[in-house]
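Have a look at the structure below, then the notes.
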Amino acid sequence: MVLSRAATESDENVCSTFGSRYVRTALPKHKIGESSIPKEAAYQIIKDELMLDGNPRLNLASFVTTWMEPECDKLIMESINKNYVDMDEYPVTTELQNRCVNMIARLFNAPLEETETAMGVGTVGSSEAIMLAGLAFKRNWQNKRKAEGKPYDKPNIVTGANVQVCWEKFARYFEVELKEVKLSEGYYVMDPDKAAEMVDENTICVAAILGSTLNGEFEDVKRLNDLLVKKNEETGWNTPIHVDAASGGFIAPFIYPELEWDFRLPLVKSINVSGHKYGLVYAGIGWVVWRTQQDLPDELIFHINYLGADQPTFTLNFSKGSSQIIAQYYQLIRLGFEGYKNVMENCRENMVVLREGIEKTERFNIVSKEVGVPLVAFSLKDHSFHNEFEISEMLRRFGWIVPAYTMPADAQHITVLRVVIREDFSRTLAERLVADIVKVLHELDTLPSKISKKMGAEDFGNVKGKKVDRDVLMEVIVGWRKFVKDRKKMNGVC
């Protein structure tokens with residue numbers, strides 16, 4: 001006689017995840033579920049949904065590191081449960097951060113004696129680093145104005161219109177007027193002469209960008225320094241400079257050592273850099289270093305003792321992981337100057353390969369510069385029939401994530417595509433991307449123009465002479481996307 005029994009819910013623990021009820025049951029999305037599910041099912045369900053994300057290695061929009069050596073991955077996982085702020089409990093981690101600060105400060109030519117300790121701190125990224133540097137400038141300016149018996153309620157900061165949004169956040173959050181130097185066609189970084197003209201007695205600092213997000217170009221910090229030295233001598237204002245080296249700080253010292261942009265210039269008082277960009281660490285680490293201890297007001301540093309010992313802290317947040325700090329130290333000692341130089345030279349050479357391949361199509365103008373962050377920004381020569389947004393959209397079919405965007409004021413009529421060359425972007429991938437761009441161009445040539453129907457070929461062909469109506473352009477793009485989607489359905493394209 002054969003014995004049988006009804007399956008119970010606990011039996012599902014021995015079933016394949018895809019043979020269980022959890023893959024056919026809708027999971028809660030906006031409130032926590034009433035009951036638990038097996039760990040295997042939770043893992044598989046989340047992993048399956050994440051498959052719909054883009055491939056980080058093919059995300060050419062991002063400057064952020066997407067590959068590290070397995071040994072560093074192992075270190076990261078081994079320290080994933082360490083809270084960096086517990087300095088008394090994890091003194092070695094604190095020591096590693098201090099070593100990183102000193103290495104980076106000396107890389108940027110800080111005027112330090114052999115045994116002198118640098119002033120700086122690790123952050124969760126350049127955004128926090130910029131907030132901290134900005135607060136130091138504001139407090140120093142306020143203290144100086146108070147001592148002189150002058151008003152200190154209307155601070156301003158001078159930047160180019162090409163700055164990253166974190167500068168706008170700093171200005172808004174901490175009530176500092178943001179004075180932007182507008183861009184112009186063909187010149188997409190801050191003009192140092194115009195910046196110096198905008199400086200007044202209420203300017204807490206001028207922010208220069210070493211590696212513009214828009215086209216990778218380095219701003220002329222040396223020229224800015226010289227202009228401000230002269231203006232300070234004439235006015236007695238002593239306006240300083242902050243260098244936002246988020247992208248370029250780990251590039252210039254290795255392949256452009258003769259370029260003067262750092263603490264070699266007397267008015268540069270602080271520098272931020274993103275460890276998670278060309279510092280070659282996964283997302284979540286930035287650095288800010290000051291020229292001297294006097295450039296960071298002591299009143300901004302807090303001292304706490306409720307974690308076991310007196311601990312100085314100058315951050316916007318409190319708890320944060322230790323993994324990225326440890327990973328940064330790994331890269332600094334693993335690669336050394338020689339290793340970083342090799343990586344940056346490879347990035348530059350692969351950028352040249354991509355740039356030359358795009359130029360050979362004879363369809364694009366190159367907007368980026370050869371000296372700067374290794375990226376290629378390019379714009380269509382002829383907008384009569386198609387635009388950069390369509391190219392960006394169609395490249396996604398091949399897996400590439402290539403952003404298209406308009407320039408800031410007063411160059412918003414210029415639209416560009418941008419490809420960031422990171423450590424893990426090889427020559428083979430560069431050649432493959434060029435081939436796929438050519439395929440997209442050939443396919444676009446066979447399709448009817450949505451632009452000419454909406455705006456008229458003459459209007460879009462002369463787009464350089466006037467600003468494009470953003471609403472009309474977006475309407476064109478939406479219509480184009482619908483057309484492409486319908487065409488895919490007709491052709492059975494997956």
Side-chain angles (χ1 to χ4, degrees), residues 27 29 42-70 72-73 76 124-127 164-165 213-216 246-247 274-285 324 327 347 350-351 353-354 357-358 368 373-379 386-406 415-441 443-444 474 477-478 480-485 487-489 491 493-494:
L27 295 178
K29 295 183 176 62
Y43 170 81
Q44 192 66 55
I45 290 168
I46 295 172
K47 181 179 180 180
D48 289 352
E49 194 164 4
L50 287 174
M51 288 193 302
L52 300 175
D53 270 345
N55 184 338
R57 294 278 305 278
L58 299 182
N59 178 10
L60 307 183
S62 178
F63 293 81
V64 176
T65 297
T66 53
W67 178 86
M68 297 188 75
E69 292 176 324
C72 194
D73 289 344
I76 288 172
V124 295
S126 275
S127 292
Q164 214 262 0
V165 69
T213 300
L214 301 178
N215 69 345
S247 298
S274 292
H276 59 220
K277 292 182 180 176
Y278 289 92
L280 308 181
V281 179
Y282 294 136
I285 184 67
Q324 266 64 15
C347 289
N350 289 329
M351 178 267 289
V353 170
L354 180 62
I358 291 172
S368 51
V373 177
L375 62 80
V376 183
F378 50 106
S379 180
H386 301 287
N387 62 45
E388 290 82 0
F389 294 99
E390 297 168 51
I391 295 174
S392 174
E393 181 77 15
M394 294 185 72
L395 280 173
R396 280 188 174 254
R397 293 189 334 190
F398 299 95
W400 304 109
I401 302 174
V402 178
Y405 53 88
T406 56
T415 306
V416 300
L417 294 151
R418 187 195 67 206
V419 175
V420 178
I421 311 300
R422 298 190 302 271
E423 177 187 17
D424 54 353
F425 187 82
S426 64
R427 175 168 183 150
T428 300
L429 288 178
E431 293 171 345
R432 182 60 181 264
L433 176 58
V434 171
D436 289 342
I437 289 173
V438 171
K439 291 177 185 176
V440 167
L441 291 173
E443 183 166 354
L444 284 173
M474 290 308 298
I477 295 166
V478 171
W480 169 255
R481 287 176 176 171
K482 183 178 184 302
F483 173 80
V484 171
K485 185 182 293 185
R487 189 171 182 272
K488 287 180 180 179
K489 291 179 181 177
N491 294 342
V493 178
C494 297

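Heavy-atom basis, side chains included; hydrogens, waters and symmetry copies ignored. Along the sequence shown, residues carry numbers from 1. Keep in mind the model is a prediction, meaning the values are calculated, not measured.
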Do I45 and L27 come close enough that some side-chain heavy atom pair is under 4.5 Å? yes
Any side-chain to backbone donor/acceptor pair from S392 onto V402? Under 3.5 Å, distance only. yes
Minimum heavy-atom separation for I401 to R396, with atom names? CG2-NH2, 3.6 Å
Write down the atom of L429, the atom of W400, and the distance for their closest heavy-atom approach. O-CH2, 3.7 Å
State which residues pass side chain to side chain contact (heavy atoms under 4.5 Å, CB included) with A327; sequence neighbours excluded, sorted by chain then number. M68, C72, I76, V281
Quick one: closest heavy-atom pair of L375 and M351, and the distance? O-CG, 3.5 Å
Please confirm whether the backbone N or O of V64 pairs with a side-chain atom of H276, one donor and one acceptor, at under 3.5 Å? no
Should F425 and V420 be marked as a side-chain contact (heavy atoms from CB on, under 4.5 Å) after you check the CA-CA gap, both sets of side-chain angles, and the distance that decides it? CA-CA 9 Å; F425 187 82; V420 178; over 6 Å; no
Distance col, row E443:CD vs H386:NE2, nearest 0.5 angstrom, shows 10.0 Å
Nearest heavy-atom contact between S247 and V373 is CB-CG2, 3.8 Å
Under the rule for ring pair (Phe, Tyr, Trp, His ring centres under 6.0 Å), what residues qualify as partners of F378, not counting sequence neighbours? F364
Approximate separation, where rounding is to 0.5 Å, of Y278 OH and L280 CG: 9.5 Å
Please evaluate residues E431 and R427 with respect to the criterion side-chain contact (heavy atoms from CB on, under 4.5 Å), reporting the C-alpha separation (whole Å), side-chain torsions for both, the decisive distance (0.1 Å), and the verdict. CA-CA 6 Å; E431 293 171 345; R427 175 168 183 150; 3.0 Å; yes
Kindly determine whether L354 and V434 satisfy side-chain contact (heavy atoms from CB on, under 4.5 Å), including the steps that lead there. CA-CA 7 Å; L354 180 62; V434 171; 3.6 Å; yes
One should read off an interatomic distance between Y282 OH and D73 CG, to the nearest 0.5 angstrom, of 3.5 Å
I'd like to know if the side chain of E423 and the backbone of C347 have a donor-acceptor N/O pair within less than 3.5 Å. no
Taking every heavy atom of L417 against every heavy atom of A404, the minimum-distance pair comes out as CD2-CB, 3.8 Å
Residues at least two apart in sequence or cross-chain that pass side chain to side chain contact (heavy atoms under 4.5 Å, CB included) with V440, listed by chain then number, are I391, M394, L395, F398, L444
With sequence neighbours excluded, tell me which residues meet side-chain hydrogen bond (donor to acceptor under 3.5 Å, both in side chains) with Q44. D48
Given the rule in the side-chain contact (heavy atoms from CB on, under 4.5 Å) test, do N387 and T415 qualify, once you have shown the distances and angles that lead to the verdict? CA-CA 8 Å; N387 62 45; T415 306; over 6 Å; no
Qualifying residues under side chain to side chain contact (heavy atoms under 4.5 Å, CB included), relative to T213, sequence neighbours excluded: F63, Q164, R418
Apply side chain to side chain contact (heavy atoms under 4.5 Å, CB included) to D424 and list each qualifying residue two or more places apart in sequence or on a separate chain. R57, T66, W67, R422
To the nearest 0.5 Å, atom CG of L433 lies from atom CG of N350 at 12.0 Å
Gap between atom NZ of K47 and atom CD of E49 - 0.5 Å precision: 14.5 Å
